[in-house]
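Below is one structure, written out as structure tokens, with a few remarks after it.
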Amino acid sequence: MIMLRPSPMQSLRDVIYGSIPRPQPSATSVDSIRPLAKRLLILSRYPNPSVSYYLDERIKALADIPVIFKGLDDGLGDVDCEGLFVIICRYIKEPQLRWLERRRESLAGVAYFVDDDIPAIIAGDEAPWLYKFRLINSAIRPLPRLSRLLTHLWASTEHLAGTLANSAHKIDILAPMPAKSAWKSAKNADKTTAPLKMIYHATGIHRREHEFLMPIVRSAMNKHENLHFEVFADRSLADQWRRQRIEPGRITISPQLPWSSYLARTTDQGADIALVPLLAGRTNDSRADTKRIDISRMGAAAIFSRCTTFARCAVDGELHIGNRPQEWLMAIDQLAEDEARRLAARDATLQSIEKMRQSAMLAFPGIRFDGLDDMA
């Protein structure tokens, strides 16, 4: 067998990846003497998908426990720190970090939640430099000081937890918990003759997936005149999509939307076919299957890459295929030409949302709330 050496650039990226700090809780040894939590403070950049996918439903289950939301630029002077448990969702800024450091003895605990392999994004070649700078500034630079405060570390997947693993601390899995309101049937079940809306919704971090789909979508659009395609893309990616020689009236290239606007749009506007490729790579290997939640909200039939991420809550009737263009073209043919198969795939993903809920723990791992019974 011929062993291929990594390129010099890949070797450099590997070195960078390994050198980026990870969160390492160092306050867990005092867990046993910490007070019960009386209230919860969540620090996050609002609104964002991480809160929607992982925190919102768990917060609803806290009954009468006060929950305080603060954005990254908000002051904390009005927050009572006695018995306060703090959840930091990915990012924190200097003023809030300093506030926590001064009140650490009064806190019931501090948890850090992460749902992306942030070092892989920074070391990789897909994310824009401005986004990488924001990650370094708000997610990486605070870690040495933040780790001294952490009593809990939560990751969204087992694979991601493995990238953070250290024998000195425990990592709990906080799996996606979709809202029940995400379950719905398609808005327009009868699409025998009407145009079909096919979508690819992903950020610029998924540049490889965008470029993988471009010739596939072009071929499918040439073959199926009843398809209309919608993609979210900015700058150079948007330009690449415009060069695919797809009839302008049959393709919609939209700029990336703020999370609240995306939620509203995908709730109000359904889709028929959703393309969900995920190519192998360090960043993608740690991802959770949260894209199912968006698809169910739109009532679409999905085509998933066959991979560990989407195998997690797979159910019979979903379409999982290899990352070869011909397989994707055949799968699009199947859904575009067969309404029964399309509706079966749609309903299967709706079922997978319930499976996702059933397989996730509703409680926040390790938090002991004053006056609240343990949640299943």
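Side-chain contact between Ile87 and Val110 is absent, with no heavy atoms from C-beta onward closer than 4.5 Å. Counting heavy atoms from C-beta outward, Arg90 and Ser50 have side chains that approach closer than 4.5 Å. You'll find the side chain of Ile59 reaches within 4.5 Å of the side chain of Ile42, heavy atoms only. Trp99 is listed as a side-chain neighbour of Val79, based on a closest heavy-atom distance under 4.5 Å. Side-chain contact between Leu149 and Val86 is absent, with no heavy atoms from C-beta onward closer than 4.5 Å. In this structure the side chain of Ile199 never reaches within 4.5 angstrom of the side chain of Phe229, judged on heavy atoms. Looking only at side-chain heavy atoms (C-beta outward), Met356 and Arg312 come within less than 4.5 Å of each other. In this structure the side chain of Lys93 reaches within 4.5 angstrom of the side chain of Pro95, judged on heavy atoms.
His159 and Asp117 share no side-chain donor-acceptor pair at under 3.5 Å. Between the side chains of Arg292 and Ser352, at least one donor-acceptor pair of N or O atoms lies under 3.5 Å. Using modelled atom types, one finds no donor on one side chain facing an acceptor on the other under 3.5 Å when comparing Thr266 with Asp294. Side-chain contact annotation: Arg134 with Asn137, donor-acceptor N/O pair under 3.5 Å absent. Side chains of Arg265 and Ser254: a donor-acceptor N/O pair is present below 3.5 angstrom, by distance only. Looking at Gln240 and Arg207, their side chains do bring a donor and an acceptor atom within 3.5 Å of each other. Asp316 and Gln351 are not linked by any side-chain donor-acceptor pair at a separation below 3.5 angstrom, with hydrogens and angles left out of the test. Checking His228 against Glu230 by side-chain atom types alone, no donor-acceptor pair falls below 3.5 Å. Looking at Asn48 and Ser44, their side chains do bring a donor and an acceptor atom within 3.5 Å of each other. Checked by atom type, the side-chain pair Gln256/Thr203 shows no donor-acceptor distance below 3.5 Å.
Shown here for Ala363 and Leu174, the closest heavy-atom pair between the two residues is O-CD1, 4.4 Å. For the pair Ser286 and Leu160, the tightest heavy-atom approach, listed with the atom from each and the gap, is OG-CA, 3.7 Å. Closest approach of Ala161 to Ile171, counting heavy atoms only: O-CD1, 3.3 Å. Between Ala348 and Gly317, the shortest heavy-atom distance links the atoms CB-C, 3.6 Å. The two residues Arg245 and Arg218 come nearest to each other via the heavy atoms NH2-NE, 3.7 Å.
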key: Verdict with reasoning, Leu143 to Arg141, per side-chain contact (heavy atoms from CB on, under 4.5 Å)   = CA-CA 6 Å; Leu143 283 180; Arg141 193 173 70 171; over 6 Å; no
request  = Output, in order, the C-alpha distance, side-chain angles, deciding distance and verdict of side-chain contact (heavy atoms from CB on, under 4.5 Å) for Phe304 and Leu278.
outcome  = CA-CA 8 Å; Phe304 297 100; Leu278 200 64; over 6 Å; no
ask   = Can you check salt bridge (charged side-chain N to carboxylate O under 4.0 Å, His left out) on Lys291 and Asp289, steps first, answer last?
value = CA-CA 5 Å; Lys291 185 50 67 175; Asp289 52 340; over 6 Å; no
key: Full working for side chain to side chain donor-acceptor pair (under 3.5 Å) between Glu209 and Asn284   = CA-CA 11 Å; Glu209 283 80 11; Asn284 283 344; 2.7 Å; yes
request  = Take Ile273 and Lys197, measure what side-chain contact (heavy atoms from CB on, under 4.5 Å) needs, and give me the verdict at the end.
outcome  = CA-CA 6 Å; Ile273 300 171; Lys197 182 178 179 180; over 6 Å; no
inquiry  = As a quick check of understanding, evaluate salt bridge (charged side-chain N to carboxylate O under 4.0 Å, His left out) for Lys70 and Asp78, giving each step before the final call.
reply    = CA-CA 11 Å; Lys70 291 288 186 178; Asp78 59 339; 3.1 Å; yes
inquiry  = salt bridge (charged side-chain N to carboxylate O under 4.0 Å, His left out), that's the test. Do Arg324 and Glu327 meet it? Break it down for me.
reply    = CA-CA 5 Å; Arg324 295 189 298 176; Glu327 291 188 53; 2.8 Å; yes
task = For the pair Phe364 and Leu40, evaluate side-chain contact (heavy atoms from CB on, under 4.5 Å) and give the outcome as yes or no after the intermediate values.
result = CA-CA 11 Å; Phe364 288 107; Leu40 188 66; 4.2 Å; yes
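Grouping the Ile, Leu, Val, Met, Phe, Trp and Tyr side chains by contacts below 4.5 angstrom, directly or via other members, places Ile173 apart from Leu362. Under the 4.5 Å side-chain heavy-atom criterion for grouping Ile, Leu, Val, Met, Phe, Trp and Tyr, Leu237 is connected to Leu279 within one hydrophobic cluster. In the hydrophobic cluster analysis, where Ile, Leu, Val, Met, Phe, Trp and Tyr join through side-chain heavy atoms closer than 4.5 angstrom, Val217 is grouped apart from Met330. Connection of Phe133 to Leu135 is not established within any shared hydrophobic cluster, with ILVMFWY side chains joined at heavy-atom distances below 4.5 Å, either directly or through further cluster members. Cluster annotation: Ile205 is not connected to Val276 through the hydrophobic network of ILVMFWY side chains, with a link wherever side-chain heavy atoms come within less than 4.5 Å.
Shown here is Glu247, whose CD atom has no more than 12 heavy atoms of other residues, nucleotides or ligands within 6.0 Å. Counting non-hydrogen atoms of other residues, nucleotides and ligands closer than 6.0 Å to CZ of Arg208 gives a total above 12. Within 6.0 Å of atom CD in Glu94, more than 12 heavy atoms from other residues, nucleotides or ligands are found, so the atom counts as buried in its surroundings.
The backbone N or O of Leu263 sits less than 3.5 Å from a side-chain atom of Thr267, completing a donor-acceptor pair. The main-chain N or O of Ala120 is never found under 3.5 Å from a side-chain atom of Arg13 such that the two would form a donor-acceptor pair. In this structure, the side chain of Gln269 does not engage the main chain of Met298 through any donor-acceptor pair within 3.5 Å. Remark: the backbone N or O of Gly124 is paired with a side-chain donor or acceptor of Lys132 at under 3.5 angstrom. Here the side chain of Arg22 pairs a donor or acceptor atom with the backbone of Ile20 at under 3.5 angstrom. The closest donor-acceptor contact from the side chain of Arg250 to the backbone of Leu227 lies under 3.5 Å. Arg357 contributes no side-chain N or O that, together with a main-chain N or O of Ile353, makes up a donor-acceptor pair within less than 3.5 Å. Between the side chain of Arg306 and the backbone N or O of His320 there is at least one donor-acceptor pair closer than 3.5 Å. In this structure, the side chain of Thr349 does not engage the main chain of Arg346 through any donor-acceptor pair within 3.5 Å. At distances below 3.5 Å, not a single donor-acceptor pair connects side-chain atoms of Arg342 with backbone N or O atoms of Gln334.
Ring geometry for Trp328 versus Phe212: interplanar angle over 60°, hence perpendicular rather than tilted (30 to 60°). Relative orientation of the Trp259 and Tyr53 rings is perpendicular, given thresholds of 30° and 60° on the angle between their planes.
Under the 4.0 Å criterion applied to side-chain N and carboxylate O atoms, Lys170 and Asp172 are assigned as salt-bridge partners. The existence of a salt bridge linking Glu57 and Lys60 is confirmed by a sub-4.0 Å separation between a basic side-chain nitrogen and an acidic carboxylate oxygen.
Geometric assessment of Arg282 against the ring of Tyr17 yields a positive cation-pi assignment under the 6.0 Å and 45° thresholds.
Taking the six-membered ring wherever Trp is involved, the centroid distance between the rings of Phe113 and His152 does not fall below 6.0 Å. Aromatic ring centres of Tyr200 and His206: separated by at least 6.0 Å.
Residue Arg287 forms a side chain to side chain donor-acceptor pair (under 3.5 Å) with just one option from Asp116, Thr309, Thr308, Thr157, and that option is Asp116.
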